[in-house]
Amino acid sequence: MPTAEVLSTIEQNGVRIDVAGLEKISEEFEERLKALSDRIYEAAEETFNINSIIELQSILYDKLEIHKQCKVKPKKIKLGNKMSTDEETLEKMQAHPLPELILQYRELNKLKNTYVDQLPAFVNPDSNRIHSSFRQTVAATGRLASDNPNLQNIPIRTEEGRRIRHVFIPSNDNHVLVSADYSQIELRVVAHFSKDPTFMAAYRQNLDIHALTAATIFEVPEDGVTREMRAKAKEVNFGLIYRMGPERLSLITHTSKTEAKGFIERYFQKYATIHTLQEHFLKQARKQGYAQTLMGRRRYLPAINGRGLHRRMAEGAAVNTPIQGTAAEIIKLAMSAIQKRLQRERLKTKMILSVHDELVFDTPHHEEEIIVSLVKQEMEQVITLEVPLVVDVGVGANWLEAH
DNA sequence: CACATCACG
DNA sequence: ACGTACGTGATGTGT
């Protein structure tokens, strides 16, 4: 039973959503899903449970044999010792209309079942807001984790997904949402640890590493980089820093394994000190038995001196943890500093969400200006690294606009 | 409860 | 030759 004090805190924090807006989206998605199902049954020449991987496998691989027309060698999965039906696999199976229809169905179905239809049930009737839990002792790297509901994985990457961000709104008409996010914080942490000359030079001029990588991968000029190209390049940058292999890289970039291999070689030639940094983290972890962040958090890795797959995974964690964990420490320090100032300066603004490199505030109109500069200043100055930290702040009538 | 899939950083 | 970015949580299927 929560105490009165806890309840009053609950009533002041949390995030409001536009339930009526979600209901409209739900109805629209319902109709579109129905239409998609009909087209799927037509393409499959039978009706079946679209959510059943086993039924879908037998249609794709046994009945229609689509993989044989596409030079696709889909990865095997345990279920029935058959092949995968995940997005990366279906994307390549363009010899038949069915896989693309399944992907469209999955996107809408995921959004509807996980977000559109579930979020309203989390609205507390007393506060009229959603109160997620933020857990401090779950993630091995020191990140926060959010559940009931998870507000750290609200969609943003697709057009339809962004409509869900749109329904996250301020607590009342006199408030706005303020969103402040660290620009590429993990790569800046990498720059700090590695002192890589290219990374340092880029961040001291406030350039966009992901866009630079995108221009390289897709062989376009820097001003020809699209949103999608940059998103892919972001995956590649993180993937390679955290030791992705040519197999996976070729899947992501839709190139051959040989091309991917060549790209990885060129990447680490260009950013030689990144490779040195990886070796440094591995050596440290092997010697000490744990990975360590900038501020001293340890993650013990008993498998680091073992063999096989377990060792390989421990090595991934040994490289990832100091970077992801340090970024987590930086934003947690910033949260603490900001909360102190909100209280000391008797501001009405509430810090309502923390999403790994972003903080969201529910702010009265008249505090808008002070909060924008207060938050930016505290987040950027909370620690001094070898490269500057940059925070982008936005204000809006919903979470999407604040971004 | 394990697995596959997919939402986010 | 093996396995091959990391960190989470929610959902539906199937045992």
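Atom set for the values below is all heavy atoms of this structure, side chains included, hydrogens, waters and symmetry mates excluded. Here is how names work: the chains are called A, B, and so on, in the same order as the sequence lines, proteins then strands, and each is numbered from 1.
Side-chain proximity of A/Asn320 to the nucleotides C/dC6, C/dG14, C/dG9 is greatest for C/dC6. Residue A/Asn150 has its side chain nearest to C/dG9 when only C/dG7, C/dA5, C/dG9 are considered. Closest to the side chain of A/Ala140, from the set C/dT8, C/dG14, B/dA7, is C/dT8. Here the side chain of A/Asn153 is nearest to one of C/dA5, B/dC8, B/dT5, namely B/dC8. Here the nucleotide nearest the side chain of A/Glu107, chosen from B/dT5, B/dA7, C/dG3, is B/dA7. Proximity note for A/Ala139 (side chain, C-beta onward) versus B/dC8, C/dG7, B/dA7: the nearest is C/dG7. Which of C/dG9, C/dG7, B/dA7 sits closest to the side chain of A/Glu87 comes down to B/dA7. Among the nucleotides B/dT5, C/dT8, C/dC6, the one closest to any side-chain atom of A/Ser84 is B/dT5. Distances from the side chain of A/Arg312 to the nucleotides C/dC6, C/dG3, C/dT8 place C/dG3 closest. Between C/dG9, B/dC6, C/dT13, one nucleotide has an atom nearer to the side chain of A/Asn49 than all others, and that is C/dT13.
Using a 4.0 Å cut-off, some side-chain N or O of A/Asn113 falls inside it from OP1 or OP2 of C/dG12. Put simply, A/Gln118 has no side-chain N or O that comes within less than 4.0 Å of OP1 or OP2 on C/dA10. Applying the 4.0 Å criterion to OP1 and OP2 of C/dG3, one finds that A/Arg307 has every side-chain N and O outside that range. At the phosphate of B/dC8, OP1 or OP2 sits under 4.0 Å from a side-chain N or O atom of A/Arg157. The side chain of A/Arg299 places no N or O atom within less than 4.0 Å of a non-bridging phosphate oxygen (OP1 or OP2) of C/dC6. Remark: A/Arg248 is in phosphate contact with C/dA5, judged by side-chain N or O atoms under 4.0 Å from OP1 or OP2. Listed pair A/Arg106 / B/dC6 meets the phosphate criterion, a side-chain N or O lying under 4.0 Å from OP1 or OP2. A close approach under 4.0 Å does not occur between any side-chain nitrogen or oxygen of A/Thr114 and OP1 or OP2 of B/dC6.
Between A/Asp208 and A/Arg230, at least one side-chain nitrogen of the basic residue sits less than 4.0 Å from a carboxylate oxygen of the acidic one, meeting the salt-bridge criterion. A/Glu380 has a carboxylate O that lies under 4.0 Å from a charged side-chain N of A/Lys376, or vice versa, which qualifies the two as a salt bridge. Looking at A/Arg157 and A/Glu107, no side-chain N of the basic residue comes within less than 4.0 Å of a carboxylate O on the acidic one, giving no salt bridge.
Atom NZ of A/Lys257 is separated from atom C1' of C/dG3 by 11 Å (rounded to the nearest Å). With rounding to whole Å, A/Ile53 atom CD1 is found 11 Å from C/dT11 atom C1'. Separating the CG atom of A/Leu103 from the C1' atom of B/dA7 is a distance of 15 Å, rounded to the nearest angstrom. Between A/Gln136 atom CD and C/dT8 atom C1' there is a gap of 15 Å when expressed in whole angstrom units. In this structure, the NZ atom of A/Lys332 is 15 Å from the C1' atom of B/dG9, given to the nearest Å. Between A/Ile331 atom CD1 and B/dG9 atom C1' the separation is 10 Å, expressed in whole Å. Rounded to an integer number of Å, the gap from A/Leu400 CG to B/dC8 P is 12 Å. Distance CD (A/Glu235) to C1' (C/dA5): 10 Å, rounded to an integer number of Å.
Within the 4.0 angstrom heavy-atom criterion, base atoms lie near A/Gln324. Within the nucleic acid shown, A/Gly245 comes within 4.0 Å of sugar-phosphate atoms alone, with no base atom in reach, counting heavy atoms only. When heavy atoms are screened at a 4.0 angstrom cut-off, A/Thr85 is found touching the sugar-phosphate backbone but no base atom. Nucleic acid contact class of A/Val319 (heavy atoms, under 4.0 Å, all strands): none. The residue A/Leu144 sits apart from the nucleic acid: no heavy atom pair falls under 4.0 Å.
When the P atom is compared between C/dG3 and B/dA4, the two are found 15 Å apart, to the nearest whole Å. Spacing between C/dT4 and B/dC3 at atom P, rounded to whole Å, works out to 16 Å.
If you check distances only, the side chain of A/Arg143 does reach the base of B/dG9 with a donor-acceptor pair under 3.5 Å.
Between A/Asp362 and A/Asn172, the side chains place no donor N or O within less than 3.5 Å of an acceptor N or O (distance only, hydrogens not considered). Looking at A/Glu100 and A/Tyr105, their side chains never bring a donor and an acceptor atom within 3.5 Å of each other. At a cut-off of 3.5 Å, with distance as the only test, no side-chain donor of A/Ser250 or A/Thr255 sits close to an acceptor on the other residue. Using modelled atom types and a 3.5 Å distance limit, the side chains of A/Ser179 and A/Glu358 yield a donor-acceptor pair.
Ring geometry for A/Tyr271 against A/Tyr267 counts as perpendicular: the plane angle is over 60°, on a 0 to 90° scale with 30° as the lower cut.
When both distances must be under 3.5 Å, the Watson-Crick or G-U wobble mate of C/dG7 is B/dC8.
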